[in-house]
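These notes are about the structure you will find just below.
Computed from heavy atoms alone, side chains included, the values below leave out hydrogens, waters and symmetry copies. Quick caveat: nothing in here was measured; it's all calculated off a predicted structure.
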Amino acid sequence: MEQQNYRNLPPGKPGQAWLERLRRELNEAQFTFATADAPVILGLAGPGSGKTRALVYRCANLLKSGVSPEEVLLLTFTNKAAEEMKERLKKLLGAWPQELWAGTFHSTGARILRRHALLAGRANNFTILDEEDSRALFKQIAGSRTPPLNDEERNLLVKRGLLGRVITQARNSNLTVKEVVDEYYPYHWEYAGLIGELAELYARKKQEGNAFDFDDLLLWWLDLFENHPQVRERYQERFKHVLVDEFQDTNVIQGRIVDLFAGGSSLCVVGDDAQSIYGFRFANVGNILSFPEKYPHSLVVRMERNYRSTPEIVALADRSISFNRAQLPKALYSCNPSGAKPRVAGIRTADQEASYVVRRVLELHREGIPLQEMAVLYRSAYLSSAVELELVRRGISYRTFGGLKFFQKAHIKDVIAFLKVFYNPFDESAWRRIATLQPGIGPASFERTWLKLKQCGNPLEAVLAGEVSPTRGKEGWESLRGILRAAGAQDQSAPRMITAVMTGGYDQILEKNYPDQPEERRRGVERLAYYAARFASLPSFLESLALEESLFAGAAASPESEGDYLVLSTIHSAKGKEWEAVFVVGLNDGHFPRRDDERNLSEERRLFYVAVTRARRFLFLTTYRDEYRGWVASTGGPSLFLKELPPECYDVEIAEEYD
DNA sequence: AAAAATAAATTTTTT
DNA sequence: ATTTATTTTT
């Protein structure tokens with residue numbers, strides 16, 4: 001691609017002291033990466049090689065060289081990565097550079113679309129649908145279509161989720177519905193037409209409801225840049241430096257967005273193909289693999305020295321990933337002092353595995369390693385339950401990351417839905433949710449009333465004024481009106497609206513729907529109000545809920561955990577993090593790797609690679625022989641990822657005696 | 001015909 | 001724990 005518009009760094013000198021600091025704190029490769037003045041840079045960095053560090057320092061170096069913060073755009077793939085990056089940059093600079101944009105692709109897309117929503121057929125107060133909202137919409141569409149779907153179609157498309165999967169896959173990989181079905185679901189070829197038809201209905205519904213789903217935030221952003229040159233130029237002009245982290249996880253659409261910046265901005269991406277673990281979100285490793293060919297003049301910087309782990313841990317990781325073919329050649333090595341070999345423990349049951357892990361944690365704790373420096377990692381959230389139980393039993397504090405989300409608990413979603421209709425009165429999903437909470441209002445009568453409501457200029461005002469004349473459930477709409485009145489009197493202040501929703505009547509609904517422990521749930525709503533107070537406005541609170549759910553889910557789910565705590569995390573959520581000691585549990589065939597088709601095996605192995613490379617000095621790998629854990633039957637044997645490793649990589653411990 | 005009550009089934013990973 | 005399917009009530 002032509003780079004004629006590329007502007008060099010401003011003439012400003014970063015200053016001797018700063019450069020000396022870079023020299024001192026970075027190695028050769030990192031230094032090159034952080035300071036190179038090239039239009040296109042690709043960083044290939046193994047785990048623990050200081051890739052984030054190099055990226056953060058590059059960012060700081062730009063600013064120190066006189067680049068203005070508003071000219072920098074920093075894109076990440078997950079919220080965790082974005083937070084980490086912001087945190088470190090803030091620390092390095094002393095303060096956060098206000099005008100600098102840093103965030104996930106999705107949140108950046110939302111931010112840009114807020115300003116140009118009309119060009120995407122929306123008003124700027126659009127709602128963002130999370131996955132659950134989308135699913136509810138699919139269900140509603142399938143239910144209202146004429147002619148109605150038969151049982152078989154409903155079961156496959158809605159209940160088993162084929163509809164949503166095909167649509168999102170098609171959109172994220174820039175294929176048609178038919179192409180996706182032919183290629184990936186050939187045994188369901190006869191549904192391609194129906195899925196295509198429902199996909200169009202879905203798109204129309206979203207537009208009517210002034211809503212974007214997650215995919216839209218990328219697709220309409222791309223559309224904006226491709227079809228409105230004046231908009232694209234405006235952002236190219238502004239963002240003279242675009243930096244992208246975790247480039248191996250970007251999908252086709254994200255790749256094209258990045259390409260569009262390359263015309264006018266300097267572009268710098270980093271990643272590691274061996275750590276690509278978001279295939280299920282249609283990550284396209286091709287983006288990073290073909291980058292050097294696409295940009296033949298790009299500067300490629302390799303960061304291969306691992307600073308994090310002992311040579312023993314790096315050796316095991318390296319051996320494991322070597323079973324994956326089609327990997328960019330890389331020579332990861334560690335110069336750290338030698339340590340203990342990783343330890344593999346075969347245990348009889350899941351409970352004993354938990355007890356073994358907790359014992360080892362306490363042992364290391366006695367040796368002076370704080371709990372915060374240790375983590376228990378697992379493939380899927382449900383694998384944590386035995387360990388959690390054991391920790392509770394022993395009174396050890398912990399925090400979980402990934403898996404079950406605080407904000408998607410039903411009562412929390414209910415309260416949020418009340419707020420949503422104030423922000424976007426055409427948010428059908430939110431209306432359906434709060435209306436059907438009322439006794440006497442079910443899906444069918446809501447549908448009838450909604451048809452009339454959406455004809456009004458403003459459904460919210462119509463309901464508040466009592467202009468609805470429902471066929472049924474009159475008392476329901478009356479009591480809904482009461483709650484909305486209370487919330488409406490709060491000047492759009494999210495925390496006060498939440499309180500008003502409670503006192504206005506949701507409290508009783510909560511009491512009725514969850515008679516077992518209403519107190520617990522009430523506290524949850526209180527915490528929600530508490531967190532809402534952090535945000536400047538209702539819109540920013542709602543946007544954050546949709547896009548950054550996982551970020552404060554952990555913090556909000558349990559009262560502020562003070563002091564030392566152990567981390568329990570899915571491997572996906574652990575990416576980019578590191579601990580002195582790491583326990584990878586549930587290394588059983590069927591659990592990890594999951595029993596899936598061959599295609600996914602190399603991705604599962606990369607996930608294992610990510611897991612083991614989180615450890616600095618101690619690595620424990622545990623497997624058990626039980627056939628069942630939770631609902632899922634495992635084949636009982638140890639994970640393929642253990643079996644394929646040469647025995648000299650680890651020490652074996654037979655730990656039968658734990659109970 | 002629609003809503004409510006009851007019984008049964010179901011959970012990868014994240015934006 | 002929460003969604004979905006089935007039965008009972010209005």
Comparing A546(A) with P443(A), nearest DNA chain B nucleotide closer to 5' gives the residue P443(A)
Both F446(A) and L607(A) contact DNA chain B. Which one's nearest nucleotide lies toward the 5' end?
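Nearest nucleotide further toward 5': that of F446(A).
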[X] side chain: which of [options] is closest?
{"X": "H106(A)", "options": "dA3(B), dT15(B), dT14(B)", "answer": "dT15(B)"}
{"X": "S380(A)", "options": "dT12(B), dT15(B), dA2(B)", "answer": "dT12(B)"}
{"X": "R379(A)", "options": "dT14(B), dT13(B), dT3(C)", "answer": "dT13(B)"}
{"X": "R281(A)", "options": "dA3(B), dT13(B), dT15(B)", "answer": "dT15(B)"}

Expressed as a whole number of angstroms, how long is the span from [X]:[atom1] to [N]:[atom2]?
{"X": "L545(A)", "N": "dT15(B)", "atom1": "CG", "atom2": "P", "value": "14 Å"}
{"X": "R448(A)", "N": "dA2(B)", "atom1": "CZ", "atom2": "C1'", "value": "8 Å"}
{"X": "F401(A)", "N": "dT14(B)", "atom1": "CZ", "atom2": "C1'", "value": "15 Å"}
{"X": "Q275(A)", "N": "dT14(B)", "atom1": "CD", "atom2": "P", "value": "16 Å"}
{"X": "H591(A)", "N": "dT13(B)", "atom1": "NE2", "atom2": "C1'", "value": "15 Å"}
{"X": "N588(A)", "N": "dT12(B)", "atom1": "CG", "atom2": "C1'", "value": "16 Å"}
{"X": "K80(A)", "N": "dT14(B)", "atom1": "NZ", "atom2": "P", "value": "8 Å"}
{"X": "I441(A)", "N": "dT10(C)", "atom1": "CD1", "atom2": "C1'", "value": "16 Å"}

Practice task
May I ask you to decide if the ring planes of H106(A) and F214(A) are parallel, tilted or perpendicular, using 30° and 60° as cut-offs?
Solution key: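 The arrangement is perpendicular - the two ring planes meet at more than 60°.
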Over 60° means perpendicular and under 30° means parallel, so tell me whether W221(A) and F225(A) are parallel, tilted or perpendicular.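 Judged by the thresholds at 30° and 60°, the geometry between W221(A) and F225(A) is perpendicular.
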Across the strands shown, which category fits [X] at heavy-atom distances under 4.0 angstrom: base, sugar-phosphate, nothing?
{"X": "F77(A)", "value": "sugar-phosphate"}
{"X": "R521(A)", "value": "sugar-phosphate"}
{"X": "G279(A)", "value": "nothing"}
{"X": "K139(A)", "value": "sugar-phosphate"}

Using centres under 5.5 Å plus planes under 30 degrees as the test, is F105(A) stacked with dT15(B)? no
Please state whether the phosphate of [N], meaning OP1 or OP2, lies under 4.0 angstrom from any side-chain nitrogen or oxygen of [X].
{"X": "N79(A)", "N": "dT15(B)", "answer": "yes"}
{"X": "S573(A)", "N": "dT14(B)", "answer": "yes"}
{"X": "T570(A)", "N": "dT14(B)", "answer": "yes"}

Open item on the list: Would you say S173(A) and Q169(A) are linked by a side-chain donor-acceptor pair, where the criterion is simply a distance under 3.5 Å?
Closed with: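 No, S173(A) and Q169(A) have no side-chain donor paired with an acceptor closer than 3.5 Å.
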Under 3.5 Å, is there a donor-acceptor pair linking the side chains of N324(A) and Y609(A)?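 On atom types as modelled, these side chains do not qualify, holding no pair under 3.5 Å.
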Minimum heavy-atom separation for S429(A) and L129(A), please, with both atom names.
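That would be OG-CD2, 4.3 Å.
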Q: Flag the pair Y278(A) / E246(A) as yes when at least one side-chain heavy-atom distance between them is below 4.5 Å, and no otherwise.
A: no
In R432(A), R433(A), K420(A), the residue satisfying salt bridge (Lys or Arg N to Asp or Glu O under 4.0 Å) with D133(A) is K420(A)
Symbol by symbol from the 5' end, with Watson-Crick or G-U pairs under 3.5 Å, [ ] crossing and | another strand, DNA chain B is ||||||||||.....
- Judged by atom type as modelled, is there a donor-acceptor pair below 3.5 Å linking the side chain of T250(A) to the main-chain atoms of F247(A)? yes
